[in-house]
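Quick notes on the structure that follows.
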Amino acid sequence: MAGVSCGLVGLPNVGKSTLFNAITNAGAEAANYPFCTIEPNVGVVTVPDSRVDRLTEIENPGKKIYATIEFVDIAGLVKGASKGEGRGNQFLENIHHVDLIVHVVRCFKNDQVVHVDGNVDPVADIENINLELILADLGYCERAIERLAKKMKSGDRQAAEISNVLKQIAGHLGKEECVRTLDLTDEDRKTIRDYRFLTSKNVIYAANTGDDDLPEMDNEYVKAVREFAQKNGDLVVPVSALIEEEVAQLDDVDALEFLDELGLSESGLNRLIRTSYMSLGLITYLTSGEKEVRAWTIRNGTKGPQAAAVIHTDFEKGYIRAEIIPFEAVDKYNGKKGAQEAGLMRIEGKDYVMQDGDVTEFRVST
């Protein structure tokens, strides 16, 4: 699949741009006033994977290539964004183009950092942004229904089918509920596959805590966010943007020592990446050889030919078979050759569903 894109959204001054700067080291301006981020800043970071490191140790290739994930820093949303307030139209359009919404919410007190509404209330912040996204979706849905009504007058049956599903969605949105919480059938989803709804996207709440909440990163605000998220089946990742900013300035060894001193086993970035993969249902397969070791990102449930197409689109058409060895076997026998001699390589055809950690060599016709 194409690169994974996560959009960081949030009210102004919740620590969103500080977090973006930390996890991408991209240097987007961060200041204590709304709208300092106008155009969306984009940063691409590597996905840490110890399996890539181990295969590199075994193969000693010319290079190693990790999977990557893209973070887009979308300017702070405000009330009225659905009507164009505060550059709302531009911000909402930016959200349309990401795979996953990472909603940064403020879970810390700091009198030096002004809150746009005057007080810290993460659930209220979430509800404010959710409402703007819901209203934007509702307007989009209602306009689509109006256009379809004109087609239906000429007897367009497909337009009628689409309209019926959109009316379900409009009713759900009218109750201030997100599209992703509506129980649509697979057939309904297929019917409206060409329609893009902001609130149909998966959401992770990045609960930005203060450094005085370490190492647990759990306070009354985070607990309130967890309770809210559980109602909609969303995920929560506590982070400290300021700590992440410090970690970003250190090399790998010093960063691990710093985190250890704080009682943390890993960075917030690693947790955020892992949770993003979980939310989107993503897995990784690996290729290894003398030239390179590489991680490839696919959706869970992807079959061999479609996984091969991630390497090159022609591989899907020319797919013959896949030679698969689980990473654990390559690790145990210190290489693919040893694992193969132990009888642990499998030959899989077109119906094989790829598994996370498959060390793979595709055979294709040219």
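Numbers here simply count residues along the sequence, with the first being 1.
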key: Residue from Ile311, Asp356, Ile324, Thr302 passing side-chain contact (heavy atoms from CB on, under 4.5 Å) with Tyr285   = Ile311
task = Check the surroundings of atom NZ in Lys64: do more than 12 heavy atoms from other residues, nucleotides or ligands lie under 6.0 Å from it?
result = yes
key: Charged N-O contact under 4.0 Å between Lys201 and Asp99   = no
task = Evaluate the criterion side chain to side chain donor-acceptor pair (under 3.5 Å) for residue pair Trp296 and Thr287; output intermediate values, then yes/no.
result = CA-CA 8 Å; Trp296 304 87; Thr287 55; 2.9 Å; yes
ask   = With Cys107, which of Val225, Asn208, Asp125 fulfils side-chain contact (heavy atoms from CB on, under 4.5 Å)?
value = Val225
key: Test item: Phe327 and Val52 side chains (from C-beta on) under 4.5 Å apart, heavy atoms   = no
query = Is the shortest heavy-atom distance from the side chain of Thr68 to the side chain of Val47 under 4.5 Å?
reply = no
ask   = What is the minimum heavy-atom distance between Val102 and Ala206, and which atoms define it?
value = CG1-CB, 4.0 Å
query = Are the side chains of Thr18 and Glu245 in touch, meaning some heavy atoms are under 4.5 Å apart?
reply = yes
inquiry  = Determine whether Tyr221 and Asp213 satisfy the following criterion, side chain to side chain donor-acceptor pair (under 3.5 Å), listing intermediate values before the conclusion.
reply    = CA-CA 11 Å; Tyr221 301 127; Asp213 293 310; over 6 Å; no
query = Between Phe108 and Arg106, is there a cation-pi geometry (under 6.0 Å to ring centre, at most 45° from the normal)?
reply = yes
message = Apply salt bridge (charged side-chain N to carboxylate O under 4.0 Å, His left out) to residues Glu348 and Arg346 and explain how you reach the verdict.
response = CA-CA 6 Å; Glu348 300 289 357; Arg346 307 189 313 273; 2.8 Å; yes
inquiry  = Tell me whether the count of non-hydrogen atoms from other residues, nucleotides or ligands lying under 6.0 Å of CG in Asp183 goes above 12.
reply    = no
Joint cluster assignment, Leu184 & Leu138, ILVMFWY side-chain distance < 4.5 Å = yes
Closest approach of Val104 to Val14 (non-hydrogen atoms, all atoms of both residues) = O-CG2, 3.4 Å
Derivation and outcome, salt bridge (charged side-chain N to carboxylate O under 4.0 Å, His left out), residues Glu57 and Arg54 = CA-CA 5 Å; Glu57 179 185 318; Arg54 173 60 175 144; 2.8 Å; yes
query = How far apart are the C-alpha atoms of Ile243 and Leu214, what are their side-chain angles, what is the distance that settles it, and do they pass the side-chain contact (heavy atoms from CB on, under 4.5 Å) test?
reply = CA-CA 10 Å; Ile243 294 300; Leu214 298 174; 3.7 Å; yes
request  = Taking the six-membered ring for Trp and the full ring for Phe, Tyr or His, determine whether the centres of Phe197 and Tyr140 are under 6.0 Å apart.
outcome  = yes
inquiry  = Is the shortest side-chain heavy-atom distance between Ile101 and Ile95 below 4.5 Å?
reply    = yes
task = Could you go through the side-chain contact (heavy atoms from CB on, under 4.5 Å) check for Leu286 and Thr360 one step at a time?
result = CA-CA 6 Å; Leu286 307 148; Thr360 308; over 6 Å; no
inquiry  = Minimum heavy-atom separation for Val72 and Ser5, please, with both atom names.
reply    = CG2-OG, 3.6 Å
query = Mind checking whether Val179 and Val9 sit in one hydrophobic cluster, side chains of I, L, V, M, F, W, Y counted as touching below 4.5 Å?
reply = no
message = Any heavy-atom pair between the side chains of Met354 and Ile298 that's under 4.5 Å?
response = yes
